Structure formats: structure tokens, C-alpha cells
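Notes follow the structure.
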Amino acid sequence: MKVEVLSTVLHIVLIFDQIFEAYAFEKGIIYGVRNPSSLSNLPKIPENGNGFNYLTYYLNGNIRSIATDPKRKVAFIASSFQIQAVHNYSLLKSDSYELSTEFYGKSDDTGQIAFDYLSNNLYWCDSRLNWVAMKPAYNGNASIYKVVLQDNLNRPEGLALDPVNGIMFFSDNHPNGRIRKASLNGENSTVIVFNGIVHVPSLAIDTENKQLYWVDIVKDTAEVCDYDGSNRRVIVRSNMYPMSGIQFYKNVLHLVSEEKRLVRGIDAFSGVYSYNVNFNPGIPTALAIFDTENLPNLPDPCFSKECGQICVNTPSGPTCICYEGYDLTEDERSCKERLLMYRKGILISTHNEFEFVNIASINNISTASQSFKDSTANITSFAVDAVKAKIYYIDKNSGVLKQIDMRTRQISVLTNMRSGKDLIIDWNQHLLGWINDGSSEILSFNLESRNTSSIYSKFMYAESLTINPEEGFVAKVVLDIWIAFFDYERKLEGRITEIFGDLRRVDLSENFKL
């Protein structure tokens, strides 16, 4: 009898623990860290002191920014050309999370991300492509997005949203720093702060008191102003602790100092120091508050709008907008595809622009042309997938491989690369190939897995590549006759299948030996 009672009690306790765990609130800070790349959780909001212990999630990629959706227990992270969602996020354990890609194509560069918790939209600054973009979160499509701001922008980085009032704030840091305010659909952009700003990498807001906070990494200041730019003042100036990130939570500013490997808390009004969190090993790069208890209980203004693609809240109410490559129809709800292309044409490149001319022009028929410009690029080589209507090109200025979607004009960064030349595409195997300038190494990039592989590195003076996608080989032209003759006499092994004088026929998808 006693055994049965004890068993029943233990069973009840176990059920109680499970219920408590399911409904327990979590409140703390998520830190992005590099060396090693990870998310570190502090399962409390520090009020004072030093030397806190934290739980770590190890991840790939250099974490640039973090945003959270505590209602769904999700943390968004910007790293390695993508924005990922970490589902089932917990500050207390690291064995139950799942990763999904929300967007692929963001530059692997500085730029904050922010989450609109009312309408479930994700925003980000891309400081290399010089725009502010957004997309609906949780929609399962990692390639769609909408550029809401790009005119006259040069290195936008800091970003903060006020979803209730339908506005955003963002910094634009070159050649002269300034902070702008705009509606969440990108309209009505105005500069609110411009004097005495050098480089603002991060913004935060107090929506209750309508105040905007920022850090200037060059001036080593944390500052504040009202939503309209008035009542500006310096909260703290610290030459010893250059600050690169900021978050506001309940009258405390949480400041990231990468150089000093710490996060510091200060009073948002007085600037008085309250706590330090030190990192060793690791360098903190970003932070976000994760609070599942104090969730805003507000209706989504877009709930009954019935937009075809995207709905955003603005100061004048919910508004429908469309993905890149689509235009809003007359009903101001539906979207239609924007047609930019000829079915057949000739593509010509300059140093920063592609011109697409109707094939009929070769017969002296006058036709309009379409241009695709990347104003910051230096295009050294390109390849085209006519079926997918995408141009792939090497941007020498940025040292990256990029793509332009000819239907939508979307520009995406695919991967970092050393200087390359003679880009080719195997559209059957979804591979790009090029010669690494200087070392003559042949590299390939898989458009599906996003992995870069070395195909071959022992040839010298490789000048050009060509491709037969139907048979899946690369012909590499070697202009050094001595090398060609010497290699011709050697025993060949692996994936080299034929030799035609100074032409080499190789399989692009597999490594091979000589």
C-alpha cells in the first residue's frame, strides 16, 4: 500500500514538473559571440555585479545581429549570408532547438535585424547592398523579400522598430553619419539626427516613452533623443569601452563592447554603471532580450486586411505591399508579376551594369533595352542561367560572388571569394566554376548546398574555362606551352578523361588528381 501511494505521489510530482516547465517564464539575455561562434544565454536580467554564468549554443557563422520572438520562443540570427530562426529556444537548456533559414542572400556584413511582433515581419539592414529590406517571418520561403528603402542610402546598419506606431529608425553611416525615421513600408523617410554623428552601428528604442537610443562606435558614446530628434543628450561617454551594440529593457541600457570582450549595463537616464558580463574565451558581437513573461497583448492591425503578399502597419493604418518583382494592383491588396525580360536577348556588361538587349536588334530592329545595375560593383566576369533568369557575377570591389534575379532585380551575395576570373555555369548540376586569379586554382560553388569546393590546384597559368553542361566537363585552357607539354607526357589519373593538346577535360562536380 505504501509503495502504491509513493508511486502515485512521484507520478503527480512528475506531471507537475512537466506542467511547470511548459508554463514557466524565461527572462534573460541572448548574446552573439564569435571565436567560437555561438549564442550564449544569461538566464536572468542582471541588476548589478560581475562574473555571471551562461549557457552556450554553438553555431556556424559570424553572428552579426539577433532579434527575438519570445511569444513563439524563437531567436533570429543574422550570420553567413542568411537570417536563421532558432525554434524552441530556451535560456535554460540547449538540446531542443531547431534551425530554419528565414532568408538567404543578406550580405555577410554589419547590419541589424529587427522583428515586428504585431504583424510578424522581419526587417534587416544590408550595409553592403545599401538597403533596408523585410519579409514575412515563418512563411517557409527563404528567397523572397521586399526592399523598402534604398534611395540615397550608403552603409545602413542600425535598425529599430516601433510596430504599434508603424515606424522604423535606421542609421546611415557614410560619408556622414545620420539617423532616419520612416514608416514600416519605407515611405516618408526623414533625417532626424545628423549633427555630431560619426558611425552608429546599433539602435534601440523605448516605445513607452517614445525615445530612441544609439551608440557611436567612433565617439564612444551612448546617446538618446525623442522620436522627432529633439531633446538629444549624451548618456555616457567612455573612451575606455568603445560600444558596438545596444538594447533597452526596463530603464537599463545593455551595451556591447567587442574590443573589451564585455557587455555592460547602465542606467538609461543617469548613465550609472550597474553590471559587467565578461567573455573569455569569445568576443560578444550582439545581444537581444528574451522575455516570455512580459509579452505585448495587442491585436494585429493586419489581421483583417487580407493582403495578397505582405501587410505592414503604418502611421495611417495597415498597408499592403508586394515582394520584389511584383506590383500592387488597383484593389491595393493583390500583387501581379512585373515583366522585365525578353524571351531571347543579348547580355552585355560594363564595370557595374548589365544591359539586356532584344535579340531582334541584330537585325537592325530598334528595341528598348533593360538594364540591371549594381552601382558599387566592379564586374570582372559573369555567367547566365537563362531558364532561371539569373545573372551570376564576380564583384572584384567587394571580393564576393553575387547574383541578380532578372525578373525581380534582386541582388544577392552568394559567398566570399578571393579574386576570380572566367566564371562559368553548369545548369544541370547547379554549379558555378571559376579560376582563382593568381594561383590558377579551379573552384566550384554549389547553388543548392551553398558550398565552395576546390576542383584542382596543380595547374599553372590557367586563363580560361568553358563548359559542356550536357556532358558535365570543364575544358581548361593553359597558355603556358611548357606546362601543357609536360602534363601531356605524365601519367593521368582520376577525373581527367581526355587531353586535346593544351585543353583539359575534367568533371566540374568532383575533385580529381593528376
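Just so you know, these numbers come straight off a predicted model, no measurement behind them. Scope of the values below: all heavy atoms of this structure, side chains included, with no hydrogens, waters or symmetry mates.
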Can you tell me which residue pairs pass the ring pair (Phe, Tyr, Trp, His ring centres under 6.0 Å) test with a partner in residues 142-169, sequence neighbours excluded? Phe103-Tyr145, Trp131-Tyr145, Phe169-Tyr227
Counting heavy atoms not belonging to Glu353, are there more than 12 under 6.0 Å from its CD? yes
Neighbour count above 12 (heavy atom, 6.0 Å) for Tyr138 OH: yes
Looking at residues at least two apart in the chain, or sitting in another chain, which of them share a ring pair (Phe, Tyr, Trp, His ring centres under 6.0 Å) with [X]?
{"X": "Tyr89", "value": "Tyr57, Phe290"}
{"X": "Phe170", "value": "none"}
{"X": "Phe115", "value": "Phe76"}
{"X": "Tyr323", "value": "none"}

To check you understand the geometry: which heavy-atom pair defines the closest contact between [X] and [Y], and what is its length?
{"X": "Asn121", "Y": "Pro136", "answer": "OD1-CA, 3.5 Å"}
{"X": "Cys307", "Y": "Ile310", "answer": "CB-O, 3.5 Å"}
{"X": "Gly282", "Y": "Arg261", "answer": "O-NH1, 3.2 Å"}

Which pairs, with at least one residue in [range] and sequence neighbours excluded, count as a salt bridge (Lys or Arg N to Asp or Glu O under 4.0 Å)?
{"range": "residues 370-393", "result": "Asp374-Lys402"}
{"range": "residues 117-144", "result": "Asp109-Arg128"}
{"range": "residues 168-196", "result": "Asp172-Arg178"}
{"range": "residues 278-296", "result": "Lys27-Glu293"}

Tell me every residue that passes salt bridge (Lys or Arg N to Asp or Glu O under 4.0 Å) with Asp437, counting only those two or more places apart in sequence or in another chain. Lys421
Salt bridge (Lys or Arg N to Asp or Glu O under 4.0 Å) partners of Arg34, counting only residues at least two apart: Glu258
May I ask you to decide whether Arg232 forms a salt bridge with Glu223, counting only side-chain N to carboxylate O separations under 4.0 Å? yes
May I ask you to decide if Ser79's main-chain N or O and Asp108's side chain share a donor-acceptor pair within less than 3.5 Å? no
Answer yes or no: is there a donor N or O on one side and an acceptor on the other, between the side chain of Thr329 and the main chain of Ser334, under 3.5 Å? yes
Looking only at the aromatic ring of each residue, does the gap between the centers of Phe445 and Tyr392 stay below 6.0 angstrom? no
For residues 191-204, dump all side-chain donor-acceptor pairs below 3.5 Å to protein atoms at least two apart in sequence or in another chain.
from   : atom 1 : to     : atom 2 : distance (Å)
His199 : NE2    : Glu157 : OE1    : 3.4
His199 : NE2    : Glu157 : OE2    : 2.6
Ser202 : OG     : Gln112 : NE2    : 3.4
Ser202 : OG     : Ile246 : N      : 3.1

